[in-house]
**Student:** 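Submitted below is the structure of interest, expressed as structure tokens.
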Amino acid sequence: TLPPDALPGLRLQVAPATHWKISPAYALVELWRSARAGRTEIEIKPQEVTGVLVTRPEDSVWVHEVPLASLHLLDALAAGQCLGDAAAHASSQEAPSRPFDLQAALSALLDNGALLMPPS
């Protein structure tokens, strides 16, 4: 419902129960899910460094793997930056071979309850 020219100045808030971390070069999300399911004997496979997003919409803990740029976007939004500046920060942290997809990042963060929309 917002006009496109209002988006860069939009100030999104990070939901209070949202946490994010960089996952080292192993499958942190897979380890967490296995532990929650009671599986203790799993093979730890090396993987690319990624982000881990932990949210708690409706009293359920959700853990997701997200691109590192999404973590940089969250860092900037949590620091009070408007969406345009936060997106520029996240984009500047990505390798040139991996362009930042703001639409995909916002969609994932909103769908997983990490962001709160400002009152309209």
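Here, residue 1 is the first one in the sequence, and each next residue gets the next number.
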**Student:** Looking only at non-hydrogen atoms, find the nearest pair between His72 and His89 and report the distance.
**Tutor:** O-CD2, 3.4 Å

**Student:** Tell me whether Arg56 contacts the main-chain N or O of Trp62 through its side chain, where contact means a donor paired with an acceptor under 3.5 Å.
**Tutor:** no

**Student:** Starting from the C-alpha separation in whole Å, work towards a yes-or-no answer on side-chain contact (heavy atoms from CB on, under 4.5 Å) for Thr18 and Asn112.
**Tutor:** CA-CA 10 Å; Thr18 300; Asn112 290 306; over 6 Å; no

**Student:** Heavy atoms only: give me the nearest Ala87-Leu73 pair and the separation to one decimal.
**Tutor:** N-CD1, 3.8 Å

**Student:** How many angstroms lie between CG in Leu109 and CG in Leu116, if you round to the nearest 0.5 Å?
**Tutor:** 11.5 Å

**Student:** If I take atom NZ from residue Lys21 and atom CG from residue Leu71, how far apart are they, to the nearest 0.5 angstrom?
**Tutor:** 10.5 Å

**Student:** Roughly how far apart are Thr50 OG1 and Glu65 CD, rounded to 0.5 Å?
**Tutor:** 3.5 Å

**Student:** Run the numbers on Leu83 and Leu106 for side-chain contact (heavy atoms from CB on, under 4.5 Å), then give the verdict.
**Tutor:** CA-CA 10 Å; Leu83 182 57; Leu106 278 178; 3.9 Å; yes

**Student:** Considering the options Asp75, Val66, Val52, which one meets the side-chain contact (heavy atoms from CB on, under 4.5 Å) requirement together with Trp20?
**Tutor:** Asp75

**Student:** For the CD atom of Glu94 and the OG atom of Ser70, what is their distance to the nearest 0.5 Å?
**Tutor:** 8.5 Å

**Student:** For Val63 and Thr55, what are the C-alpha separation, side-chain angles and deciding distance, and is it a side-chain contact (heavy atoms from CB on, under 4.5 Å)?
**Tutor:** CA-CA 7 Å; Val63 177; Thr55 57; over 6 Å; no

**Student:** Any side-chain heavy atom of Leu12 sitting closer than 4.5 Å to one from Cys82?
**Tutor:** no

